[in-house]
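What follows is a short report on a single structure.
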Amino acid sequence: MPPYSPSSAPWPAGSLLGKLQPRARQELLDLGVETRFEAGQVLLSEGAHDRHVLLLLSGFAKVTARVENGEASLLAVRVGGDTVGEMAAMDGAPRSATVTACGPMTARVLQPGVLRALLMRRPDVAIVLTGIVADRLRWANRRRLDFRGYPVKVRLARLLVELATTYGHPVDGGVVLGCRLTQPELAALTGAAETTVHKGLRELREEGLLETGYGSTVIRDLPRLRRIADLAPEEW
């Protein structure tokens with residue numbers, strides 16, 4: 001297939017492909033084998049010992065892990081432009097989570113040696129990828145602190161601000177989130193009951209901050225949502 005053009009395939013600014021300079025981005029896109037996944041298909045399995053990395057090109061996926069009672073807990077979402085599986089590629093440990101496609105997706109499959117060789121010859125890519133892994137660790141730490149320190153409406157606002165900043169794209173009158181999450185999934189990411197999240201979303205809609213429709217969520221007033229989230233204007 002022809003090479004991806006940075007101008008024709010804009011990835012979210014917070015993703016790996018969105019952060020890389022055009023030449024480094026294209027070099028990464030030239031690696032591996034492109035694969036298609038269907039909705040509900042498992043991309044990576046928790047506990048597995050495979051070590052390849054997936055560079056997501058389109059669609060979005062959910063990252064889940066089993067908790068003590070055996071149920072799956074939603075940890076994060078990943079969208080086109082992100083990588084998944086890089087931890088196992090680097091340290092050889094079993095997969096720490098399961099990644100599942102939330103709709104049709106395409107990705108490039110990179111074997112660990114191929115990724116390692118790229119990082120050796122392109123330190124700029126290594127620096128960006130290391131920064132993204134660090135961001136994900138900070139994100140996980142913030143979730144734990146949010147659970148203890150903020151009421152549900154504030155936690156929900158903080159999550160929406162972060163998703164909009166990392167994966168959203170501007171439209172007239174707002175910012176469209178780059179992924180569609182159900183209320184149970186938002187509840188899992190905010191550590192709240194689904195009924196409480198439902199109430200919080202209703203209040204945000206009534207206040208003119210949020211608009212939800214089939215397949216899309218639009219933040220209508222991101223600065224005011226930041227204030228509700230107890231965030232400084234420039235955070236995230």
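- Shown here are the salt bridge (charged side-chain N to carboxylate O under 4.0 Å, His left out) partners of Arg116, two or more places apart in sequence or in another chain: there are none.
- With rounding to the nearest 0.5 angstrom, the CG atom of Leu159 is 9.0 Å from the CG atom of Leu177.
- Taking CG from Leu56 and CG from Leu43, the interatomic distance works out to 7.0 Å, rounded to the nearest 0.5 Å.
- Under the 3.5 Å distance criterion, the side-chain polar atoms of Arg220 are left unmatched by any main-chain donor or acceptor of Leu209.
- One distance of note links SG of Cys102 with CZ of Phe37; it measures 13.0 Å at 0.5 Å rounding.
- When hydrophobic clusters are built by joining Ile, Leu, Val, Met, Phe, Trp and Tyr residues whose side-chain heavy atoms come closer than 4.5 Å, directly or via intermediates, Val99 is not grouped with Tyr167.
- Nearest heavy atoms, Ala229 versus Val154: O-CG1, 3.8 Å.
- With a 4.5 Å cut-off on side-chain heavy atoms, Glu86 and Arg136 count as touching.
- You'll find the side chain of Leu29 reaches within 4.5 Å of the side chain of Leu57, heavy atoms only.
- Looking at Arg78, its side chain never comes within 3.5 Å of a backbone N or O of Val84 through a donor-acceptor pair.
- Arg25 contributes a side-chain N or O that, together with a main-chain N or O of Leu17, makes up a donor-acceptor pair within less than 3.5 Å.
- With hydrogens and angles disregarded, a donor-acceptor distance shorter than 3.5 Å links the side chain of Arg95 to the backbone of Gly85.
- Put simply, Leu119 and Met87 are part of two different groups of oily side chains (I, L, V, M, F, W, Y) that touch within less than 4.5 Å, one to the next.
- The shortest heavy-atom contact between Pro112 and Arg51 is CD-O, 3.6 Å.
- Using modelled atom types and a 3.5 Å distance limit, the side chains of Thr98 and Thr64 yield no donor-acceptor pair.
- Linking ILVMFWY side-chain heavy atoms closer than 4.5 Å, directly or via other members, places Leu75 and Val79 in two distinct hydrophobic clusters.
- Heavy atoms from other residues, nucleotides or ligands lying under 6.0 Å from CE of Met90 number more than 12.
- Screening Thr182, Leu186, Leu189 for a side-chain contact (heavy atoms from CB on, under 4.5 Å) with Leu74, the sole residue that qualifies is Leu189.
- Residues Ala192 and Val197 approach most closely at CB-CG2, 3.9 Å, considering heavy atoms.
- How far CG of Leu231 is from CZ of Arg158: 4.5 Å, rounded to the nearest 0.5 Å.
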Cut-off 3.5 Å, no hydrogens considered: what does the side-chain donor-acceptor table look like for residues 199-208, sequence neighbours left out?
| residue | atom | partner | partner atom | Å |
| --- | --- | --- | --- | --- |
| Glu203 | OE1 | Lys153 | NZ | 3.4 |
| Glu207 | OE2 | Lys153 | NZ | 2.7 |

Discussion item. I'd like to know whether His52 forms a side-chain contact (heavy atoms from CB on, under 4.5 Å) with Leu44, so could you lay out the CA-CA distance, the side-chain angles of the two residues, the decisive distance to 0.1 Å, and finally the verdict.
Written reply: CA-CA 9 Å; His52 61 277; Leu44 302 172; 3.6 Å; yes
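- The closest side-chain heavy-atom distance from Asp82 to Val77 is not below 4.5 Å.
- Using a 4.5 Å heavy-atom cutoff, the side chains of Val161 and Leu222 are in contact.
- The pair Glu34-Arg108 meets the salt-bridge criterion, with a side-chain N (NZ, NE, NH1 or NH2) lying under 4.0 Å from an Asp/Glu carboxylate O.
- In terms of heavy atoms, Pro94 sits closest to Gly47 at CB-O, 3.7 Å.
- Applying the side-chain contact (heavy atoms from CB on, under 4.5 Å) test between Lys19 and each of Ile127, Val125, Val128 identifies Val128 as the sole match.
- With rounding to the nearest 0.5 Å, the separation of OG1 in Thr212 from CD1 in Ile219 is 10.0 Å.
- A donor-acceptor contact shorter than 3.5 Å links the side chain of Arg155 to the backbone of Tyr150.
- Proximity of Leu110 to Leu28: side-chain heavy atoms (C-beta onward) are separated by under 4.5 Å at one or more points.
- Between Gly80 and Pro12 the shortest heavy-atom distance is O-CD, 3.3 Å.
- Using a 4.5 Å cut-off on side-chain heavy atoms (C-beta onward), Trp139 and Thr166 make no contact.
- Contact detail for Ala93 and Ala88: the closest heavy-atom pair is O-CB, 3.5 Å.
- Contact of the Val114 side chain with the Leu118 side chain is not registered, since no non-hydrogen atoms from C-beta on lie closer than 4.5 Å.
- Criterion: ILVMFWY side-chain heavy atoms under 4.5 Å apart, direct or through other members. Under it, Met105 and Leu181 are not part of a common hydrophobic cluster.
- Two different hydrophobic clusters hold Leu163 and Val63 under the rule that ILVMFWY side chains link at heavy-atom gaps under 4.5 Å.
- Between Leu54 atom CG and Thr83 atom OG1 the span is 9.0 Å, to the nearest 0.5 Å.
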